[in-house]
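We number each residue from 1, following the sequence as shown.
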Amino acid sequence: MDIKKLQSLVVDALEDVKAQDIKVFDTTHLTSLFDRIAVVSGTSNRQTKALAASVRDKVKEAGGTILSVEGEDTGEWVLVDLGDMIVHIMQPAIRAYYRLEEIWGEKEVKIGAAKRISKRTASEPMEEEIKPKKAAGRHLTATQTTVDDEPAKPARKTSTRTAAAKSADGAAPAKRKPAAKKAVGKTIKVAATKSAVSSAKKAGAKRAAAKTKA
């Protein structure tokens, strides 16, 4: 069986029984006896035995080989030998005492995290779909309108004369000053004086006398 498939089966079997702190290490550069080693914790004798049984059954179902299972009588440290991979299922106190990670842990395989990520992305919607839409900015409220929504102001009406002047000169004509109002005088009749009337009568009499002599 391919080593990547084998380690995936082992991690799945351990996760099914709620194993704690699963670590997988690549040991090809350290020994030729096996390619992978897994170290995992179980909180009790019962759980360590259940974890070993889960690994054994799952690998068998996939057609893998189980060379041996050791330590099931006590349950403090159960070893499952799969040929290319060794699984150490230990209680926390035993694991802290023997520190197998310091011996085999130079190259850790991140298969557990990768598997969990792939499962999550397959079952959950894409990140873009679950992101909430951004709310409108604080400066815009429900009662405010944007510039595009404001009604356009009607253009000022221009007379034909003003438009013609603009098109001819290229600029608006100066405002015409109002014409000054003409003063309207009143004719006052003044009565003739008595002296002027008498003088006129004398002149008329003289003209009449001159006509008769002629």
Side-chain angles (χ1 to χ4, degrees), residues 1-140:
M1 183 184 294
D2 180 55
I3 187 62
K4 290 184 179 179
K5 183 178 179 180
L6 179 60
Q7 67 186 11
S8 298
L9 287 171
V10 170
V11 172
D12 287 342
L14 294 171
E15 288 179 343
D16 288 345
V17 193
K18 309 298 181 183
Q20 296 182 356
D21 196 13
I22 302 172
K23 300 288 185 180
V24 179
F25 303 103
D26 184 350
T27 59
T28 53
H29 62 296
L30 297 176
T31 180
S32 59
L33 298 177
F34 43 85
D35 297 333
R36 297 288 188 274
I37 184 172
V39 182
V40 58
S41 295
T43 57
S44 64
N45 295 355
R46 184 175 180 180
Q47 188 182 18
T48 55
K49 293 176 183 180
L51 288 169
S54 178
V55 172
R56 181 184 61 229
D57 295 343
K58 199 146 194 172
V59 173
K60 275 186 178 181
E61 289 176 3
T65 303
I66 310 297
L67 297 182
S68 65
V69 179
E70 302 175 11
E72 284 186 301
D73 51 344
T74 62
E76 292 182 350
W77 180 355
V78 183
L79 184 148
V80 182
D81 188 352
L82 304 175
D84 293 334
M85 185 169 184
I86 306 296
V87 182
H88 295 274
I89 306 169
M90 314 168 75
Q91 291 189 22
I94 301 298
R95 182 173 180 175
Y97 180 80
Y98 285 99
R99 299 179 182 179
L100 296 182
E101 291 91 339
E102 295 181 4
I103 302 173
W104 305 103
E106 291 184 10
K107 292 185 178 181
E108 184 176 355
V109 179
K110 301 294 183 180
I111 185 169
K115 285 176 66 61
R116 285 191 289 273
I117 291 172
S118 63
K119 286 182 181 179
R120 184 167 63 251
T121 53
S123 59
E124 294 180 359
M126 294 179 65
E127 185 179 356
E128 290 77 10
E129 295 176 359
I130 62 176
K131 275 188 176 180
K133 293 183 179 180
K134 288 186 178 179
R138 294 180 182 176
H139 61 284
L140 291 179

Problem set entry | Check: Gly75 main-chain N/O paired with Thr48 side-chain donor or acceptor under 3.5 Å | yes
For this session: Please confirm whether the backbone N or O of Thr74 pairs with a side-chain atom of Asn45, one donor and one acceptor, at under 3.5 Å?
Result: yes
For this session: Could you tell me which non-hydrogen atom of Leu67 sits nearest to which non-hydrogen atom of Gly83, and how far apart they are?
Result: CD1-CA, 3.5 Å
For this session: Tell me, please, which residues at least two apart from Thr65 pass side chain to side chain donor-acceptor pair (under 3.5 Å).
Result: none
Problem set entry | Polar side-chain atom of Thr27 near backbone of Asp35 as donor-acceptor pair, under 3.5 Å | yes
Exercise. Can you find a heavy atom in the side chain of Val10 that is under 4.5 Å from one in the side chain of Val24?
Worked result: no
Exercise. With side chains defined as the heavy atoms from C-beta onward, is the minimum distance between Arg95 and Glu101 less than 4.5 Å?
Worked result: yes
Exercise. Side-chain contact, heavy-atom cut-off 4.5 Å: Thr31 with Trp104?
Worked result: yes
Exercise. Asp26 versus Arg36: any side-chain heavy-atom pair under 4.5 Å?
Worked result: yes
Problem set entry | For the student: nearest non-hydrogen atoms of Val17 and Ala50, plus distance | CG1-CB, 3.9 Å
For this session: Examine Tyr97 together with Trp77 and report whether their ring centres are nearer than 6.0 Å.
Result: no
Problem set entry | Main-chain N/O of Lys18 paired to Gln47 side chain as donor or acceptor, under 3.5 Å | yes
